[in-house]
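Order of the sequence lines fixes the chain letters, A, B, ..., with proteins taken first and strands second; residue numbering starts at 1 for each chain.
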Amino acid sequence: MASEALVQLFHVYKQYAGEGPALADATLEVGRGEFVFLTGPSGAGKSTLLKLIFCAEPATSGQLLVFGRNVAKILPRHVPPLRRAIGVVFQDFKLLPHRTVAENVAVPLEVRGLAPRDVARKVAVVLRSVGLELKAGKFPLSLSGGEQQRVAVARALVGDPALLLADEPTGNLDPDRTVEVMDLIEAANARGTTVVVATHDRSLLERYQRRVIALESGRVISDGDAFRRRAGS
Amino acid sequence: MASEALVQLFHVYKQYAGEGPALADATLEVGRGEFVFLTGPSGAGKSTLLKLIFCAEPATSGQLLVFGRNVAKILPRHVPPLRRAIGVVFQDFKLLPHRTVAENVAVPLEVRGLAPRDVARKVAVVLRSVGLELKAGKFPLSLSGGEQQRVAVARALVGDPALLLADEPTGNLDPDRTVEVMDLIEAANARGTTVVVATHDRSLLERYQRRVIALESGRVISDGDAFRRRAGS
Amino acid sequence: MVLRPLSFVRRALEAMARGPFMTAVAVGTLFVALFTTGLFAAVLGGAERLLAAWAGDVQISVYLRPDADLPAAARAAAQLAGGREVQAVPPAEALRRLRASLGPEAAVLDGVSADVLPASVEVRAPGISLAQARALAARLQAVPGAADVDFGNAWLERVEVLLRRLRWAGLALFGVLALATAVLVSNTLRLGVYARRDEIEIMKLVGATDAWVEAPFLVEGVLQGLLGGALAVAALLGLHALLAPRLAAAVGVAAPLARAEVVPPALVLALVGGGAALGLAASALAVGRFLRKP
Amino acid sequence: MVLRPLSFVRRALEAMARGPFMTAVAVGTLFVALFTTGLFAAVLGGAERLLAAWAGDVQISVYLRPDADLPAAARAAAQLAGGREVQAVPPAEALRRLRASLGPEAAVLDGVSADVLPASVEVRAPGISLAQARALAARLQAVPGAADVDFGNAWLERVEVLLRRLRWAGLALFGVLALATAVLVSNTLRLGVYARRDEIEIMKLVGATDAWVEAPFLVEGVLQGLLGGALAVAALLGLHALLAPRLAAAVGVAAPLARAEVVPPALVLALVGGGAALGLAASALAVGRFLRKP
Ligand SMILES: Nc1ncnc2c1ncn2[C@@H]1O[C@H](COP(=O)(O)OP(=O)(O)OP(=O)(O)O)[C@@H](O)[C@H]1O
Ligand SMILES: Nc1ncnc2c1ncn2[C@@H]1O[C@H](COP(=O)(O)OP(=O)(O)OP(=O)(O)O)[C@@H](O)[C@H]1O
Ligand SMILES: [Mg+2]
Ligand SMILES: [Mg+2]
């Protein structure tokens with residue numbers, strides 16, 4: 001499916017001030033249209049890798065190309081357009097507490113300057129797809145944990161991004177909801193979105209036989225076309 | 001193991017303003033020393049039930065006894081002593097962002113007026129038990145999601161509470177860490193702490209054969225001594 | 001990306017409605033600060049005019065040459081003084097007054113004939129400023145037969161010096177107050193932005209440009225400034241309506257207390273415009289602080 | 001539960017260290033507000049004393065009876081006036097001065113003999129207050145042969161009225177300023193607490209009592225108030241040290257500009273104590289708002 005590379009890392013290191021390396025000598029490639037799982041124990045560097053990709057953190061050294069652009073040397077004014085092409089499900093959701101669910105989901109569209117009518121239509125569609133059409137007018141803090149997580153997923157998907165980075169997008173969801181959300185992400189992938197999902201959930205890796213990149217202590221310890229390799233551990 | 005009831009609900013309803021009931025006609029009992037799982041789909045009312053128990057929300061109707069005290073009619077000044085006997089792992093962690101990990105974990109002890117020396121000792125022990133001894137001086141926002149979750153678990157356990165309410169305490173943990181944390185909670189239970197764990201993770205229910213209370217749309221739909229009942233669904 | 005200026009105003013209004021507490025605090029702070037500054041300016045100006053008016057309860061004496069025609073001079077003076085109270089003072093009256101003013105030394109005048117004193121015309125001009133008094137005195141030089149024009153100069157000069165010093169002290173204090181106002185208001189708006197730094201961060205993470213994030217804050221700052229300034233003006237006008245009649249009665253002069261004098265359009269403009277500028281500058285500084293972070 | 005008062009101070013200091021931005025804004029706001037208020041008070045007091053001193057560049061004339069002994073009276077006056085400049089004015093000198101002062105009307109004095117004027121003793125008392133001038137004049141009644149004691153009363157009375165009015169205007173403005181200061185400072189501290197409302201909520205959720213949550217905020221408010229007040233006092237003293245010499249030179253009187261007069265201990269206490277009280281009250285109000293929520 002993939003030929004052109006959308007994300008390329010060459011010997012990327014990331015060291016937070018006063019810490020050991022969170023990412024060490026990471027080299028990998030994600031092709032356009034791919035669906036990749038990122039796994040590894042707590043603190044392995046999964047979120048850090050995703051943060052580097054959407055320029056929330058700078059790499060300490062190494063080369064990191066996103067959409068063919070070297071983001072190690074990216075100018076501040078080139079960051080917003082890049083981020084607008086990426087949908088992110090944050091591990092801690094990062095919802096705006098004083099905006100309704102619908103307003104939260106609308107932000108990526110408003111940022112792009114879409115007309116209010118189009119925004120409303122798209123938001124309604126995506127909220128229905130995550131089963132939150134009845135919560136559109138509620139505030140995030142009055143939602144259950146799983147509902148908040150689905151709002152985060154909806155916000156990431158609403159703009160039909162070229163690249164979707166989902167950090168533990170089902171950690172607060174029951175098995176049925178998990179399958180629903182993962183099916184949504186698969187559907188986006190089928191429409192052409194490149195997907196990277198960071199997760200601990202082995203059942204996901206087993207159910208969706210996709211390429212799995214495993215990190216440990218910041219290093220890529222395996223990169224296989226499916227879950228086979230880890231099944232033994 | 002259990003005889004005396006620590007938590008008793010009789011026909012408890014909880015309705016948030018402008019919503020359908022989050023909890024409807026809930027009647028159940030948790031005995032002293034018990035270990036109970038609370039499960040159910042996203043939005044079923046698990047977190048709401050826990051919030052009622054530690055008086056973060058008032059019940060709309062019904063009777064709710066905690067430690068034999070009717071918390072439906074509790075005076076504001078009786079709430080803090082009650083909460084000090086309860087350890088809570090919040091679904092969204094609720095860590096203080098401007099305090100270090102050690103300071104966060106110390107709060108429940110400081111609130112009790114423990115001497116600084118005792119506080120430091122207990123904090124060090126519990127942080128070691130969740131594998132975060134090296135992160136004691138870090139701030140929560142510079143931790144990975146799983147590390148934050150373990151800080152939340154450490155804070156709940158540090159005071160050796162009579163009752164532990166853990167809301168999805170392993171949602172951000174890899175399988176190995178999950179087992180470690182659950183073993184900690186089991187150990188606390190063995191020392192006499194009554195435990196209620198809300199979770200979606202079926203593998204937990206299977207691994208730890210304990211009483212499982214299942215909620216759906218705010219109603220208790222099953223209450224069994226182990227996971228048997230749900231295994232078929 | 002399409003920039004929609006109107007959407008910024010909409011977003012600013014939404015933000016204000018969303019955070020009524022912060023909005024109230026910001027507008028309240030702007031109001032209090034601008035009101036105090038405006039009150040200070042109004043009182044300063046008013047006091048100066050009042051003092052001038054009161055000190056300038058001016059009596060101008062036009063001393064005539066011995067050969068002058070007193071009634072004719074009085075008529076000319078009345079014309080030149082434009083309807084003010086004019087009194088002809090013949091030598092006998094002048095002597096009487098001099099005697100009264102000398103007090104214990106009046107004995108020197110015993111046996112003095114009134115004829116040695118010049119006749120004069122006195123013009124009373126209550127409530128005019130020093131400058132006006134001077135101008136009027138200059139005009140009165142044209143009275144036929146006028147030898148010398150005198151307006152209670154020693155006293156007036158002294159008052160003038162006093163007023164000048166007061167004005168400087170007042171202006172210096174006003175400067176400090178205006179500066180303090182600016183600092184306090186910008187501190188408050190800065191805290192308001194600070195409380196919303198998470199929001200700023202999240203919007204940037206989903207692809208917002210700095211300008212897109214910043215614009216509503218600036219609009220908000222301007223709106224809050226306008227609102228605070230308008231409230232300050234309203235309060236000043238209210239206070240004026242309440243106090244001016246009593247004050248005028250107590251002081252005995254009304255003209256310098258007229259609304260257009262105490263709260264002149266320039267002050268209204270300064271308060272509303274200054275409020276808006278302050279709100280804008282403070283917001284820009286505050287948001288900049290959080291935007292320019294990595 | 002053991003309450004540890006010292007732990008509250010420790011926690012307050014920790015909180016201030018943890019949020020240096022908020023602390024800086026709070027202390028800065030208190031400083032600016034208290035400094036402005038204090039400056040206003042100091043200038044008000046200083047201006048009043050200066051004006052009084054300057055207006056009171058008093059010259060007291062003791063008119064003697066015709067039979068009095070001028071040199072003896074002068075000696076007595078010098079003693080009563082306690083070392084002030086005393087000048088004996090014989091009738092001839094008095095006539096010369098009167099002539100000079102009459103200006104265009106001096107003609108009335110032509111041919112008048114000096115003997116009709118009383119001799120007098122003049123006491124110059126630069127820089128004394130009106131009250132002091134009055135007291136001195138009363139004492140000088142005791143000069144042997146004194147008929148009448150006169151101190152430039154007309155002018156002084158007028159100045160006295162002026163000063164009284166200025167004082168009222170100044171006090172009214174000062175009241176508004178102090179109130180505004182209190183409002184602005186409490187707004188700022190309130191926003192500071194607002195930014196930490198999550199912290200308050202979390203601490204209550206893990207079992208903290210209201211008092212336990214509140215105490216460090218109160219301590220913090222007091223500490224910030226003390227700090228802001230101390231800084232304001234320091235700034236006032238610095239400004240005084242800088243300006244007083246120049247001002248004294250410009251105005252010609254130094255005594256009313258002495259440090260203990262301009263920044264008296266009462267003002268220092270009012271600023272530091274007022275800052276602390278303000279910090280305490282504002283914090284208590286602000287925390288109460290968030291604690292009393294369900
Ligand atoms: N503060 C609130 N105000 C209004 N509605 C609320 C509030 N908290 C929860 N709800 C609603 O009550 C219902 C139950 O929420 P609750 O958080 O108890 O679910 P949950 O079982 O914990 O779900 P999850 O597994 O997703 O965390 C949900 O529909 C939620 O939207
Ligand atoms: N902002 C930061 N400052 C300092 N250290 C950080 C920061 N963010 C992450 N770290 C550290 O870097 C390491 C990797 O963190 P990361 O969040 O990438 O882990 P993760 O794989 O996402 O873990 P989890 O599964 O628990 O979310 C951790 O040890 C963490 O403490
Ligand atoms: Mg992570
Ligand atoms: Mg929940």
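Ranking C/Thr36, C/Leu173, C/Thr188 against chain D, the residue ahead of the rest is C/Leu173, based on heavy-atom pairs under 4.5 Å.
Counting only N and O atoms by type, the side chains of D/Asn187 and C/Thr29 include a donor and acceptor under 3.5 Å apart.
The shortest side-chain heavy-atom distance between C/Leu177 and D/Leu39 does not fall under the 4.5 Å cut-off. Residues D/Phe35 and C/Val176 are in side-chain contact: their nearest non-hydrogen atoms beyond the backbone lie under 4.5 Å apart. Considering only heavy atoms from C-beta on, D/Leu191 stays 4.5 Å or farther from C/Tyr194 through its side chain.
Only the side chain of D/Val43 comes within less than 4.5 Å of a heavy atom in chain C; its backbone stays farther off. For chain D, the nearby part of C/Val183 is the side chain; its heavy atoms alone come within less than 4.5 Å.
Between C/Thr181 atom OG1 and D/Leu184 atom CG the span is 7.5 Å, to the nearest 0.5 Å.
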Is there a ring pair (Phe, Tyr, Trp, His ring centres under 6.0 Å) between C/Phe40 and D/Phe40? Walk through the geometry before answering.
CA-CA 11 Å; C/Phe40 202 95; D/Phe40 201 94; 5.4 Å; yes
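The cationic atom of C/Arg190 (NZ for Lys, CZ for Arg) does not lie both less than 6.0 Å from the six-membered ring centre of D/Phe21 and within 45° of the ring axis.
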